[in-house]
Amino acid sequence: MPELPEVEVTRLSFASRIAGARILSVRMGKALRWPLGCAPALLVGRIVLGVRRRGKYLLIDLDQGLLMLHLGMSGSLSFVADLPASGKHDHFAMLTTQGTLTLNDPRRFGAVVYADAQDTGSASTLLGRLGVEPLTDDFDVDRFHAGLKRRKAAIKQVLLAGEVVVGVGNIYASEALFQAGIRPTVPAERLSRPRVARLHAAIRDILGRALTSGGSTLRNFSSASGEKGHFQFETMVYARQGEPCRVCARPIKLLRQGQRSTFYCPQCQKP
DNA sequence: AAAAGCCCCTGGATGC
DNA sequence: TGCATCCAGGGGCTTT
């Protein structure tokens, strides 16, 4: 579910409200992707300093150590002041002096992992291979071009892998490639610099607009304050196979790349 | 080293 | 109404 815009929307919806809170209790439900990495009781009494984002991970900084959260495919957070009843798929809940943070995740591909401050292990394992943040100045055309030059795989899959640039998932990869006029199957190394520049601009534009729209809500995504996204109504190609391209009216095509669906316009996107 | 496949899990939509 | 099949915003791990 959540790509960079959804994760960032989530962060913005509770970061300031939880900052400064003291953890009162932690409740675990069914197993997520990985074990928490410490006894839940160890977190009690710690203070939440703030919430950062790295790629699709949320990093909750504590006065001692940090929690790394991932929403997987179906996860969403809520942060409410009153004590919420536990729902069927609430697999992590953290009661604090300022509210309760709950991870609801039906498919349980998500994760909550504790890392000690000096623990270079789990943090670097999870975050170590991540590419550049697309909405920062570090993401420039030169660096992007250099990164793509080293990849022979299809550009769509290079984007999804997140080792060159992070945060671009299945929806926004298709959308950005459409906006840049690039066929998803083009080997990354073969993209000319002007095309890379167009893709660079398209990624920033799409992610920025999705952020402004509160992300995309396909099934049940909502921010930690319960707001649904509405970017799904603005997609040019995603989930529109067989429907007319909004630019040229040719039917949008669907193909599978690495067990994921890719959507593109055969007319507007050149090989 | 990089690329391609496999798998984790639940639920909703679709087809018979 | 029931059951079988396929598909879904991700990504780590194993195999080529």
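Numbered from 1 within each chain, the chains take letters A, B, ... in sequence-line order.
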Item to check | Joint hydrophobic cluster, A/Ile155 plus A/Leu254, side-chain heavy atoms closer than 4.5 Å | outcome: yes
Next on the checklist: Show me the dot-bracket string of DNA chain C, counting Watson-Crick or G-U pairs under 3.5 Å, with | for pairs to another strand and [ ] for crossing ones.
Outcome noted: .|||||||.|||||||
Sort me out a list of protein N/O and nucleotides 13-16 of chain C N/O pairs below 3.5 Å, or just none if empty.
none

Item to check | Beyond-backbone contact of A/Leu101 with A/Val48, side-chain heavy atoms, under 4.5 angstrom | outcome: no
Checklist entry - For A/Arg260 and B/dC6, is the shortest distance between a side-chain N/O and OP1 or OP2 below 4.0 Å? => result no
Item to check | Under 3.5 Å donor-acceptor, A/Arg151 side chain and A/Pro187 backbone | outcome: no
Checklist entry - Once you round it to whole Å, what is the distance between P of C/dG12 and NZ of A/Lys56? => result 10 Å
Checklist entry - Which part of the nucleic acid, if any, lies within reach of A/Arg129 when heavy atoms closer than 4.0 Å are counted: base, sugar-phosphate only, or nothing? => result nothing
Item to check | Rounded distance (Å) that lies between atom P of B/dC9 and atom NZ of A/Lys30 | outcome: 9 Å
Checklist entry - Tell me: CG of A/Leu71 to P of C/dG12, nearest whole Å? => result 14 Å
Checklist entry - Quick one: is A/Lys88 getting a side-chain N or O under 4.0 Å of the B/dG11 phosphate, OP1 or OP2? => result yes
Checklist entry - Are the ring centres of A/Tyr238 and A/Phe178 closer than 6.0 Å? => result no
Item to check | Distance in angstrom units between A/His89 NE2 and C/dA8 C1', rounded | outcome: 15 Å
Next on the checklist: Taking C/dG11 as the reference, what is the distance to B/dA1 when you measure between their P atoms (whole Å, please)?
Outcome noted: 22 Å
Checklist outcome for this item: Separation between CG (A/Leu207) and CG (A/Leu135), nearest 0.5 Å, reads 5.5 Å
Item to check | d(CZ, A/Arg219; P, C/dG10) in whole Å | outcome: 13 Å
Item to check | Crowding at NZ, A/Lys152 (>12 non-hydrogen neighbours, <6.0 Å) | outcome: no
Checklist entry - Taking side chain as C-beta onward, heavy atoms only, is A/Lys56 less than 4.5 Å from A/Leu71? => result no
Checklist entry - Is any side-chain N or O of A/Arg108 under 3.5 Å from a base N or O of B/dC9, one able to act as donor and the other as acceptor? => result no
Checklist entry - Do the non-hydrogen side-chain atoms of A/Phe79 and A/Ile18 ever get within less than 4.5 Å of each other? => result yes
Item to check | Donor + acceptor pair across side chains of A/Lys156, A/Asn170 (<3.5 Å) | outcome: yes
Item to check | Under-4.0 Å side-chain N/O to phosphate OP1/OP2 contact, A/Ser261 with C/dC7 | outcome: no
Checklist entry - Contact class for A/Tyr57 vs. all strands (heavy atom < 4.0 Å): base, sugar-phosphate, or nothing? => result sugar-phosphate
Checklist entry - So, is A/His70 close to the C/dG12 phosphate, meaning a side-chain N or O under 4.0 Å from OP1 or OP2? => result no
Checklist entry - Parallel, tilted or perpendicular for A/His200 and A/Phe139, by the 30°/60° rule? => result tilted
Checklist outcome for this item: Per nearest nucleotide of DNA chain C, the residue lying toward the 5' end, A/Leu130 or A/Arg107, is A/Arg107
Next on the checklist: From CE of A/Met73 over to C1' of C/dG12, roughly how many Å is that when rounded to an integer?
Outcome noted: 14 Å
Next on the checklist: Does A/Arg129 have more than 12 heavy atoms from other residues, nucleotides or ligands lying within 6.0 Å of its CZ?
Outcome noted: no
Item to check | Test item: side-chain donor near acceptor, A/Ser13 and A/Glu227, under 3.5 Å | outcome: no
Item to check | Base C/dG11 paired with A/Arg33 side chain (donor-acceptor, <3.5 Å) | outcome: yes
Next on the checklist: Can a donor-acceptor pair be found, under 3.5 Å and without considering hydrogens, that links the side chain of A/Ser174 to the backbone of A/Val237?
Outcome noted: no
Next on the checklist: In whole Å, measure the gap between the P atoms of C/dC3 and B/dC9 for me.
Outcome noted: 23 Å
Checklist entry - Atom CG of A/Leu254 and atom P of C/dA8: how far apart are they, to the nearest Å? => result 8 Å
Item to check | Euclidean distance for P, B/dC6 against C/dC6 (whole angstrom) | outcome: 15 Å
Item to check | Protein-nucleotide distance (A/Leu32, atom CG; C/dG12, atom C1'), rounded to Å | outcome: 15 Å
Item to check | A/Phe109 aromatic ring stacked with six-membered ring of C/dG10, 5.5 Å and 30° | outcome: yes
Checklist entry - How is A/Tyr238 classified with respect to the nucleic acid when contacts are heavy atoms under 4.0 Å: base, sugar-phosphate, or nothing? => result sugar-phosphate
So which protein nitrogen or oxygen atoms get under 3.5 Å of nucleotides 3-5 of chain B's nitrogens or oxygens?
| from | atom 1 | to | atom 2 | distance (Å) |
| --- | --- | --- | --- | --- |
| B/dA3 | OP1 | A/Lys152 | N | 2.5 |
| B/dA3 | OP1 | A/Ala153 | N | 3.1 |

